Structure formats: structure tokens, C-alpha cells
A.B. asks: 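Here it is, the structure, as C-alpha cells.
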Amino acid sequence: MDIKLNYINGEWVPAISGKTRDIINPANEEVIAKTAEGGTDDVSLAIAAAKEAFYGKGEWRRKNVQERSDIILKIADAMEARREELAITDTLDNGKPLREAYGDIDDAIHCFRYYAGMIKAPYGGAYDVNDGFGQMHSYTVHEPVGVCGMITPWNYPLLMAVWKIAPALSAGNSIVFKPSSTTPLSAVILFEILDQVGIPKGTVNLVMGSGGTVGQEIAESMDVDMVTFTGSTEVGQEIARAAVGNLKKVGLELGGKSPNIIFADADFEGAVEWAMIGIFFNQGEVCSAGSRIIIEESLKDKFVARLAERANAMTLGNGMFDPDMGPLVSKDHMEKVLNYIETAKAEGAHCVCGGYRYTEGDCAKGYFVRPTIFDNCTQDTTIVKEEVFGPVVTIQTFKTEEEAITLANDTIYGLAGAVFTTDGARALRVVKEIRAGITWINCYNPTFNEAPWGGYKMSGYGRELGIHGLEEYQEIKQININLTPGKLGWYEER
Ligand code: NAP
Ligand code: MG
């Protein structure tokens with residue numbers, strides 16, 4: 001089996017240590033690839049290359065915007081040409097159903113095209129100012145931040161990379177990218193594409209390896225101007241601490257425990273369908289998952305019965321055959337999810353369906369967990385407080401709108417939330433009270449390249465996507481022009 005290499009300063013290179021890592025298909029435990037296992041010495045080379053590309057030659061940031069935009073569009077075209085390979089790779093690596101992987105790849109392609117256009121839009125402010133120094137004109141320009149370090153999780157391997165790489169590269173930055181060591185393979189394909197479209201040497205670098213070494217070094221380095229991270233809240237805190245040394249910019253997209261509030265007047269089948277998508281899409285390994293269903297008491301029994309019926313009917317299997325749900329991403333992660341399930345049972349929550357590892361037929365060797373619903377949960381139930389990041393949903397009830405809002409917001413997280421009701425005014429009232437960055441009314445989980453994505457509270461700071469997602473990778477400079485040179489205004493008169 002050939003080894004997938006790191007990409008540093010325009011070259012494909014093994015780790016300096018020579019170490020490699022086995023990459024596992026979670027559907028059957030087969031080794032599907034070997035990757036270079038980078039260390040701090042490899043990252044240092046990548047950071048030096050990115051720094052030289054940005055501050056030395058500066059070719060990429062100085063390119064006229066049309067040329068840069070054309071190259072970004074070429075990336076999207078090349079991804080489209082390798083669409084099937086990219087989708088299959090994410091399915092084999094992560095486990096997700098193939099149709100969902102295709103969805104990720106298409107979103108990623110659009111993301112590059114979106115920012116290729118955006119960087120040509122008129123942008124920045126112009127101000128007429130007169131502060132006593134004479135008549136001045138002031139305007140702003142947006143400039144790239146410099147060397148951007150990027151660290152991503154395993155749940156959307158390609159898409160989480162592209163949400164960062166597309167805007168950062170479009171803005172003219174240099175990049176040092178570290179994918180999750182569990183799912184690095186689609187990033188290798190993306191970098192093969194980046195290698196071929198004419199981006200100057202050293203501008204984009206890929207270093208695979210563990211978070212504790214490669215990731216930590218990126219976050220700590222005095223030569224990295226910004227670190228952008230998607231992953232758990234605990235590691236996000238580590239990143240923020242590590243970034244203090246040179247006060248680098250930090251972007252954090254972290255975990256969630258998002259409320260899905262359902263009123264008794266909601267369209268019943270619609271609410272069931274979206275609740276299913278909210279918690280079981282992508283095996284529940286979604287940061288914005290609707291993992292806490294908060295439902296009006298009078299509807300609860302009927303709703304839970306229907307949800308359980310739907311959950312019990314779900315097919316599990318190898319993602320390549322497009323089941324309803326694939327395996328969890330790794331053995332460690334499956335064990336973590338099963339532990340949470342056991343804790344919930346021990347705490348007295350009622351397991352309505354699922355709640356165990358599934359090993360029937362072809363699933364014998366994979367990391368499959370049946371879709372799981374826990375009723376009778378309270379604010380003290382561990383899985384109501386902590387992110388499970390798997391196909392596990394809790395049910396809690398409310399009698400009044402105020403009670404629903406209080407339950408929804410009683411969490412350290414603030415990533416997402418939804419409300420289901422046919423009362424329009426109530427929908428708007430409730431959604432406005434949810435302390436979260438992404439909210440939905442009568443749907444769950446749709447996301448667009450055009451709209452900003454990010455969290456309140458311990459779900460992080462900064463925004464990805466939309467115009468804000470470009471601004472994350474830019475500094476703003478003001479340029480002031482004296483229109484009456486030779487006059488010193490009040491200073492002269494003093
Ligand atoms: P994770 O354990 O926090 O890891 C994320 C990334 O950080 C991986 O690349 C990991 O490397 C690296 N890392 C680990 N320790 C590090 C350290 N000390 N310094 C620097 N980097 C380090 O998260 P995960 O388990 O991959 O993903 C699940 C989490 O991501 C969930 O909490 C989920 O909510 C969150 N998430 C959030 C969003 C969002 O948009 N808000 C989107 C997707 C996922 P290794 O792979 O080598 O461990
Ligand atoms: Mg894997």
C-alpha cells in the first residue's frame with residue numbers, strides 16, 4: 001500500500017520521522033490507506049514555507065483579483081471532475097452514506113465558486129472626515145491576515161476543510177492545514193488539486209498527524225498569524241490558550257447541545273421528519289444536531305411513539321450501499337457513545353429504542369449504533385448536558401412557552417436550535433430568545449454557503465461562510481488622505 005504524503009512547499013514528502021498511520025474504514029475495520037504521520041519538525045517546515053510565500057515573494061496575495069478568482073474557479077472545476085472519487089473517499093474514511101458524501105462534495109465545490117465571485121465584489125468603506133486637521137478622505141481596504149493555520153474534525157472531512165480553505169485562499173492568505181487524523185484522505189485529493197491549478201509554491205501546505213503534536217504546534221507557533229479550528233469545546237479551549245503567545249487571531253467552531261422545541265400545534269409529520277434529520281443525519285455526528293427534543297407535554301407520547309417507529313425502521317450498513325445510517329467514525333468514538341448510553345440508563349432515563357451496538361450480518365465488524373431515543377430526561381441527565389455526537393436524542397417536556405425557552409437556553413453551548421409551530425408570531429418570538437448562532441423555524445439543519453455559521457457561548461467565536469466567513473481571513477486597514485496638504489488645522493493655530 002503506497003503512503004499518502006504530506007504536501008509542504010510544493011512537494012509531496014514523507015514525515016521526517018518516517019512514521020505512518022493506518023487509516024481505517026469504520027464499516028468493516030479494514031485498513032484503506034496509510035498516511036505520513038507528521039510531527040512538529042514537519043509543521044515547522046510547512047509554517048516556514050507558508051511564511052516565505054506570504055511575506056517573502058508575496059505572489060499569491062499580490063495577484064490581481066481576477067487571476068486569483070480564476071484559479072479558485074479551477075479548483076472547483078477539478079473537484080467536480082473528481083466528484084465521485086471525493087465522495088467515495090469520505091464515505092470509506094468516515095462511514096457516512098454515499099448520498100450524504102455527495103452532498104458534502106457539492107457544497108464544497110459551490111463554496112469555492114461562491115468565494116471566487118465574492119472577492120471581486122465592491123468592498124470596504126469610504127468616509128469624508130474633518131476632525132480639525134483639515135479636510136481628509138478616509139477609506140478602508142481588506143487585506144489577508146497572513147499565515148493561517150487550520151485544524152478540522154472528522155465528521156465532514158472535506159467540507160470542514162473547504163469552509164476554511166476557500167475563503168482564506170480567496171482572500172490571499174498562506175495556509176498550513178491539518179485534517180483530523182481519523183479522516184485525512186479527501187484532504188489529500190484536495191491538495192493534489194491545489195498542486196495542479198497554479199497556486200505559487202509554499203502558499204498551501206498539508207501536514208497530517210495528531211492533534212497533540214501537529215495541531216498544538218500550529219496553535220502555538222509565533223509565525224502563524226491566525227488559527228482557525230473546528231472541533232470539540234475542550235480542544236478549542238486548548239487552542240485559545242496556545243494562541244496567546246503571539247496573540248494570533250483565533251476562530252473557533254465548537255460543539256453543541258442544540259434544542260429542538262416542538263409545540264403541540266406543529267405540523268405533526270413534518271416535525272417528525274425534521275426531528276429525524278436533526279438527530280440521525282450523518283449518524284448524529286453533527287455539531288448542530290438537534291440532540292435535545294423539548295416538546296409540549298400534550299403531544300409528547302404521540303410524538304415519541306412515531307419517532308421511535310421511524311427510528312426502528314432505519315437501516316444501518318456500509319455507507320457505500322446507501323443505508324439510512326452508516327457506522328460511527330471510529331472504535332473509540334463508538335465506545336464513547338455507548339458509554340453515554342449506559343450512563344443515561346443508569347441515571348434513570350427511559351430508553352425508548354436503540355441503545356446498543358448493532359452487529360447483524362455485514363455490520364459485525366463495523367462501529368454501528370442503533371438510533372437511540374431517551375425519554376424522561378431532566379436537566380441533570382448527563383446526556384442532556386454533554387455532547388454525545390452520535391445518534392442519541394433526549395426528550396423533555398414543557399407546558400408554557402417560557403418554560404420551553406428556559407430549558408432550551410440552560411446549556412453551556414449556543415450553536416443551534418429550532419422551533420416547530422404553526423403560530424408565526426410565536427415562532428419568531430421563540431427563535432429570537434434562543435441564545436444560539438444558527439436557528440431554524442419548521443425545519444432542521446439546512447445550511448447555505450451564503451449565510452454565516454457559528455456559535456454563541458461555549459460553541460465558539462467567529463463565523464464561517466457568507467461574507468463574514470471571508471472577513472475572518474482578512475484584516476481591515478484604514479487609509480487616510482489629506483486633501484489640504486500644507487494646512488495643519490487646529491494644530492497650526494495653537
Ligand atoms: P476534536 O477531538 O476536538 O478534534 C478536532 C481536531 O483537533 C482534530 O484535527 C484533532 O486532531 C485536533 N486536535 C486534537 N487535540 C488537539 C490539540 N491539543 N491541539 C490542536 N489540535 C488538536 O474533535 P473531533 O472529535 O474531531 O470532532 C468532533 C467535535 O467537533 C464535536 O465536538 C463537534 O461538535 C465539533 N464540530 C463543530 C463544528 C462547528 O461548526 N461548530 C463542526 C463539526 C464538528 P486528531 O484528529 O489527531 O485528534
Ligand atoms: Mg477512518
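In this text the structure is predicted, and so the values were computed from the model without any measurement. Counting starts at 1 for both ligands and their atoms, following the listed order.
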A.B. asks: Is a donor from one side chain sitting under 3.5 angstrom from an acceptor on the other, for N25 and E30?
C.D. replies: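 The criterion, which ignores hydrogens and geometry beyond distance, is not satisfied for E30 and N25.
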A.B. asks: Would you say the ring centroid of Y123 lies under 6.0 angstrom from that of H142?
C.D. replies: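 Ring centres of H142 and Y123 closer than 6.0 Å.
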A.B. asks: Pick whichever of A289, S181, S258 has a heavy atom sitting closest to atom 45 (P) of ligand 1.
C.D. replies: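 Looking at heavy atoms only, the winner is S181.
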A.B. asks: Name the closest protein heavy atom to atom 12 (C) of ligand 1, giving the residue it belongs to and the distance to 0.1 Å.
C.D. replies: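 Heavy-atom neighbour on the protein nearest atom 12 (C) of ligand 1: I151 CG2, 3.6 Å.
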A.B. asks: Given V188 and E192, is the side-chain contact (heavy atoms from CB on, under 4.5 Å) satisfied, shown in steps?
C.D. replies: CA-CA 6 Å; V188 174; E192 285 171 10; 3.8 Å; yes
A.B. asks: Can an N or O of G211 be found at a distance shorter than 3.5 Å from an N or O of ligand 1?
C.D. replies: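 For ligand 1, there is an N or O atom that lies under 3.5 Å from one belonging to G211.
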A.B. asks: Side chains of E386 and Y340: donor-acceptor distance under 3.5 Å anywhere?
C.D. replies: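 Side-chain D/A pair, E386 to Y340: present.
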A.B. asks: Identify the closest protein heavy atom to atom 28 (C) of ligand 1: which residue and atom is it, and at what distance?
C.D. replies: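 The protein heavy atom lying closest is F389 CE2, 3.5 Å.
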A.B. asks: Any idea which atoms of ligand 1 are less than 4.0 Å away from a heavy-atom of G209?
C.D. replies: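 Checking each atom against G209, I get 47 (O).
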A.B. asks: I need the nearest protein heavy-atom contact for atom 8 (C) of ligand 1: residue, atom name and distance, please.
C.D. replies: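 I find the closest protein heavy atom is T152 O, 3.3 Å.
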A.B. asks: Are T183 and D90 linked by a side-chain donor-acceptor pair shorter than 3.5 Å?
C.D. replies: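 Note: T183 and D90 side chains miss the donor-acceptor criterion.
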A.B. asks: Evaluate W154 for polar contact with ligand 1, using N/O atom pairs at a separation under 3.5 Å.
C.D. replies: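 Yes: some nitrogen or oxygen of W154 is under 3.5 Å from one in ligand 1.
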A.B. asks: Do me a favour and list the nearest non-hydrogen protein atom to atom 27 (O) of ligand 1 with residue, atom name and distance?
C.D. replies: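 Answer, as residue, atom name and distance: P153 CB, 3.3 Å.
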A.B. asks: For E464, is at least one N or O under 3.5 Å away from an N or O on ligand 1?
C.D. replies: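 So ligand 1 has no N or O lying under 3.5 Å from an N or O of E464.
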A.B. asks: Within ligand 1, which atoms have a heavy atom of E253 less than 4.0 Å away?
C.D. replies: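 Near E253, meaning under 4.0 Å from one of its heavy atoms, ligand 1 has 37 (C), 38 (C), 39 (C), 40 (O), 41 (N).
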A.B. asks: Got a sec: does the CZ of R435 have more than 12 other heavy atoms crowding it under 6.0 Å?
C.D. replies: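 Result for CZ/R435: open.
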A.B. asks: Can you tell if the side chain of F420 reaches within under 4.5 Å of the side chain of V272, non-hydrogen atoms only?
C.D. replies: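 Counting from C-beta outward, F420 and V272 never come under 4.5 Å.
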A.B. asks: How far is atom 23 (O) of ligand 1 from its nearest protein heavy atom, and which residue and atom is that?
C.D. replies: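 Heavy-atom neighbour on the protein nearest atom 23 (O) of ligand 1: S232 N, 3.5 Å.
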A.B. asks: Considering only the protein, which heavy-atom contact is closest to atom 11 (O) of ligand 1, and what is its distance?
C.D. replies: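 Protein heavy atom at minimum distance: K178 NZ, 3.0 Å.
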A.B. asks: Are R83 and D106 ion-paired here, with the side-chain N under 4.0 Å from a carboxylate O?
C.D. replies: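 Judged by the 4.0 Å cut-off on N to carboxylate O distance, R83 and D106 do form a salt bridge.
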A.B. asks: Has K345 got a side-chain atom pairing as donor or acceptor with G355's backbone, closer than 3.5 angstrom?
C.D. replies: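 A pair under 3.5 Å: yes.
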A.B. asks: Which part of L254 is near ligand 1, with near meaning a heavy atom under 4.0 Å away: side chain, backbone, both or neither?
C.D. replies: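 Backbone only.
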A.B. asks: Under 4.0 Å from a heavy atom of N155: which atoms of ligand 1 are those, numbered in the order shown and with their elements?
C.D. replies: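 That gives atoms 43 (C), 44 (C) of ligand 1.
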A.B. asks: What part of W453, side chain from CB on, backbone N/CA/C/O, both or neither, has a heavy atom under 4.0 Å from ligand 1?
C.D. replies: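 Side chain only.
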A.B. asks: Quick one: does ligand 1 sit under 4.0 Å from the side chain of M160, the backbone, both or neither, non-hydrogen atoms only?
C.D. replies: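 Only the side chain of M160 comes within reach of ligand 1.
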A.B. asks: Give a yes or no on whether a salt bridge exists between E335 and R357, defined as a side-chain N under 4.0 angstrom from a carboxylate O.
C.D. replies: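 Between R357 and E335 there is no salt bridge, as every charged N stays at least 4.0 Å from the carboxylate O atoms.
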A.B. asks: Supply the atom-to-atom distance F389 CZ to E285 CD, rounded to the nearest 0.5 angstrom.
C.D. replies: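 Output value for this atom pair is 6.5 Å.
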A.B. asks: Regarding K257 and E387, does a basic nitrogen lie under 4.0 Å from an acidic carboxylate oxygen?
C.D. replies: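 Looking at K257 and E387, the cut-off is not met.
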A.B. asks: Parallel, tilted or perpendicular for F368 and Y358, by the 30°/60° rule?
C.D. replies: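 Plane angle over 60°, so perpendicular.
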A.B. asks: Salt bridge check: are D223 and K51 linked by an N-O gap of less than 4.0 Å?
C.D. replies: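 K51 and D223: salt-bridged.
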A.B. asks: Would you say T230 and ligand 1 have an N/O pair spaced under 3.5 Å apart?
C.D. replies: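 Between T230 and ligand 1 (N or O atoms, distance only) the closest approach is not under 3.5 Å.
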A.B. asks: Does one side chain, of T228 or K164, offer a donor that lies under 3.5 Å from an acceptor on the other?
C.D. replies: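 Yes, a side-chain donor-acceptor pair sits under 3.5 Å.
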A.B. asks: Among all protein heavy atoms, pick the one closest to atom 39 (C) of ligand 1 and tell me residue, atom and distance.
C.D. replies: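 In this structure, atom 39 (C) of ligand 1 has C287 SG, 3.1 Å as its nearest protein heavy atom.
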A.B. asks: Is ligand 1 less than 4.0 angstrom away from at least one heavy atom of Y156?
C.D. replies: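 No, Y156 has no heavy atoms under 4.0 Å from ligand 1.
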A.B. asks: For S180, take its heavy atoms, then give the atoms of ligand 1 lying under 4.0 Å from any of them.
C.D. replies: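 Within the 4.0 Å cut-off of S180, ligand 1 contributes 9 (O), 46 (O).
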A.B. asks: If you take the nearest heavy atom of each of S210, P157, G231, G256, which one is closest to atom 30 (O) of ligand 1?
C.D. replies: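 Comparing heavy atoms across S210, P157, G231, G256, the nearest one to atom 30 (O) of ligand 1 lies in G231.
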A.B. asks: Tell me whether I239 has any N or O atom under 3.5 angstrom from an N or O of ligand 1.
C.D. replies: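 Between I239 and ligand 1, no N or O pair is found under 3.5 Å apart.
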A.B. asks: Does an N or O from T182, backbone or side chain, lie closer than 3.5 Å to an N or O of ligand 1?
C.D. replies: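 No, T182 has no N/O under 3.5 Å of an N/O on ligand 1.
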A.B. asks: Checking a contact table here: which protein heavy atom is nearest atom 18 (N) of ligand 1, and how many Å away?
C.D. replies: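 Nearest neighbour among protein heavy atoms for atom 18 (N) of ligand 1, to 0.1 Å: Q216 OE1, 3.3 Å.
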A.B. asks: At a 4.0 Å threshold, what atoms of ligand 1 neighbour a non-hydrogen atom of E387?
C.D. replies: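 Within the 4.0 Å cut-off of E387, ligand 1 contributes 31 (C), 32 (O), 33 (C), 34 (O).
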A.B. asks: Using protein heavy atoms only, decide if any is under 4.0 Å from atom 4 (O) of ligand 1.
C.D. replies: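 For atom 4 (O) of ligand 1 the answer is no, since every protein heavy atom stays at 4.0 Å or beyond.
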